[in-house]
Amino acid sequence: MNTATTEPLKNARIAVIGYGSQGRAHALNLHESGLDVVVGARPDGPSWQRAQEDGLTVAEPAEAVKGADLVAFLTPDMVQPAVYAESIEPNIKPGAALLFAHGFNVHFGQIKPRADIDVNLVAPKGPGALVRSEYQRGRGVPCLIAVHQDATGQAEARARAYAAGIGGARAMLIATDFKEETETDLFGEQAVLCGGASELVTKGFETLVEAGYQPEIAYYEVMHELKLIVDLFYEGGLAKMLQFVSETAQYGDYTRGPRVVDEGTKARMKEVLREIQDGSFAREWTAEYAAGLPNYRKFKEADLAHPIEKVGAQLRARMAWLQKDSKAASGTGESLKKAG
Ligand code: NDP
Ligand code: MG
């Protein structure tokens, strides 16, 4: 049960720093919930104008932070340490709250927040576009909420009020902590969502093509049709997927699936999780980012040069329904744009 209201933030000024996927949705929803919102943006970046066109008050990040009782920190995770040092730490009022939508920097010590402020988290379980569109329909996207530091005794109340203001409390609030939110989020994207799924698809494609089958047909089987299955998972879990596929597909699933993804895979998932938990992934990634992303660029180039990309582009160009409005049709293109 969630009885959260915006009441604890009724007289508060909220600075939303960053006006991207999450920032725009949060700022507009909070504003329409009757709260006092100022957007913090760079004068030379595209967000400044966009927020103004949306009818919001805009200021440079340092200025926005100065008057704020709550600062929602919604720039990309990897730029947050620099923005914190430059614009937030010298300007945030004692007793104000610093609110994150992902715990990476605080949990891994890349940002060490001042002791006299609250540090809390409201993480919607969906992309900004959905946070916005659900709010406009009178509904909301469920949110994780957490408190890292409670200097005022109000950290949790203010997180709940913020979650109410963006609409999340209309759906569900799940209490967590920065450690759980950060580690599970990284594990999901590494082992299953981005890393696991892309490897499964490309290895499946290579298997078929190396066996002499046409790449076009391989693409349909292992990448294109994945969406049908994932949509069934999303709507109704394993039960709905099993209900909608043939008996032959089910029997193949039960008997062959566990041979492809087996206990050895699970043991390696546990290794990946350990590297997240012991901080070695965060250290590796932070060093890579600081070095100017040399390996990241190489890995990305290799992914984009994979033969599945070439045949995929040709086939997608012939599927008219993927051309028009393709962003709105998928709706998830930005949902995992986080620490990675
Ligand atoms: P975006 O990549 O969409 O953020 C872009 C915004 O950040 C733009 O307004 C950009 O301004 C601004 N920005 C970038 N660099 C700077 C800088 N150096 N100084 C000031 N502003 C800057 O971020 P997301 O919304 O994806 O992520 C924000 C937070 O939300 C992250 O912590 C993320 O992990 C978390 N999160 C994201 C989800 C998502 O769906 N994307 C889901 C749940 C949590 P400009 O226009 O000037 O370039
Ligand atoms: Mg990959």
Side-chain angles (χ1 to χ4, degrees), residues 1-39 50-51 54-56 69-75 97-103 118-148 154-178 180-182 184-185 188 193 230-231 233-237 327-338:
M1 193 184 63
N2 293 296
T3 50
T5 71
T6 56
E7 185 66 21
L9 291 173
K10 192 177 63 179
N11 299 313
R13 165 149 273 221
I14 301 173
V16 176
I17 310 302
Y19 199 69
S21 172
Q22 292 294 326
R24 179 170 188 268
H26 292 210
L28 288 171
N29 293 3
L30 294 164
H31 176 70
E32 288 169 24
S33 292
L35 299 171
D36 179 15
V37 175
V38 55
V39 172
R50 186 149 195 231
D54 286 338
L56 297 172
D69 304 291
L70 185 149
V71 175
F73 201 2
L74 302 175
T75 65
L98 180 60
L99 182 141
F100 289 83
H102 179 38
D118 290 349
V119 179
N120 48 18
L121 173 140
V122 173
K125 295 315 288 173
L130 189 69
V131 172
R132 180 66 185 144
S133 63
E134 283 297 284
Y135 180 88
Q136 290 176 302
R137 289 179 167 151
R139 308 187 302 206
V141 174
C143 293
L144 305 186
I145 72 162
V147 170
H148 172 74
Q154 292 300 303
E156 184 179 340
R158 290 197 279 190
R160 288 184 176 274
Y162 184 95
I166 64 170
R170 294 167 174 172
M172 178 169 55
L173 304 183
I174 302 174
T176 182
D177 52 36
F178 275 59
E180 184 177 52
E181 187 278 331
T182 303
T184 54
D185 187 84
L193 306 175
V230 169
D231 283 350
F233 283 166
Y234 186 73
E235 289 162 16
K327 237 183 158 177
S330 78
T332 48
E334 55 178 0
S335 64
L336 290 159
K337 233 177 49 182
K338 287 190 169 181

Inset, instruction - Check whether any side-chain heavy atom of Q154 lies under 4.5 Å from a side-chain heavy atom of D118, and answer yes or no. - result: yes
Inset, instruction - Under the side-chain contact (heavy atoms from CB on, under 4.5 Å) rule, collect the residues that match up with A27, sequence neighbours excluded. - result: V16, Y19, V37, V39, L56
Legend entry - Approximate separation, where rounding is to 0.5 Å, of L35 CG and I14 CD1: 4.5 Å
Inset, instruction - Examine distances only and state if a side-chain atom of N29 and a backbone atom of I166 form a donor-acceptor pair shorter than 3.5 Å. - result: yes
Inset, instruction - Would you confirm whether R170, through its side chain, and R139, through its main-chain N or O, come within 3.5 Å as a donor-acceptor pair? - result: yes
Inset, instruction - Determine the minimum heavy-atom distance between L173 and A4, stating which atoms define it. - result: CD1-CB, 4.2 Å
Inset, instruction - Just say parallel, tilted or perpendicular for the rings of F100 and F178, cut-offs at 30° and 60°. - result: perpendicular
Inset, instruction - Quick one: list whatever passes side-chain contact (heavy atoms from CB on, under 4.5 Å) with E156, sequence neighbours left out. - result: V147, R160
Inset, instruction - Measure the OG1-CG distance between T182 and D177 for me, rounded to the nearest 0.5 Å. - result: 8.5 Å
Inset, instruction - Could you tell me the separation between the CG atom of L98 and the CZ atom of R158, rounded to the nearest 0.5 Å? - result: 11.0 Å
Inset, instruction - Please report the closest heavy-atom contact between C143 and G168, naming both atoms and the distance. - result: SG-CA, 3.8 Å
Inset, instruction - Please check if the side chain of D69 supplies one atom and the backbone of R13 the other of a donor-acceptor pair under 3.5 Å. - result: yes
Inset, instruction - Keeping the roles fixed (side chain from T6, backbone from G165), state whether a donor-acceptor pair exists under 3.5 Å. - result: no
Inset, instruction - Of all the heavy-atom pairs spanning L144 and K125, show the shortest one and how long it is. - result: CG-CD, 3.8 Å
Inset, instruction - Please assess H148 against L121 for the test side chain to side chain contact (heavy atoms under 4.5 Å, CB included), listing each intermediate value before the final yes or no. - result: CA-CA 8 Å; H148 172 74; L121 173 140; over 6 Å; no
Inset, instruction - Taking the side chain as every heavy atom from C-beta outward, state whether I145 and N120 have any atom pair closer than 4.5 Å. - result: no
Inset, instruction - For residues H26 and V131, report the shortest heavy-atom separation together with the two atoms involved. - result: CD2-CG1, 4.3 Å
Legend entry - R132 side chain reached by E32 side chain, heavy atoms, under 4.5 Å: yes
Inset, instruction - Please report the closest heavy-atom contact between A159 and L99, naming both atoms and the distance. - result: CA-CD1, 4.5 Å
Inset, instruction - Could you tell me which residues satisfy ring-ring contact (aromatic ring centres under 6.0 Å, His included) with Y135, sequence neighbours excluded, listed by chain and number? - result: none
Legend entry - Residue pair A164 / A169: nearest heavy atoms and the distance that separates them: CA-CB, 3.7 Å
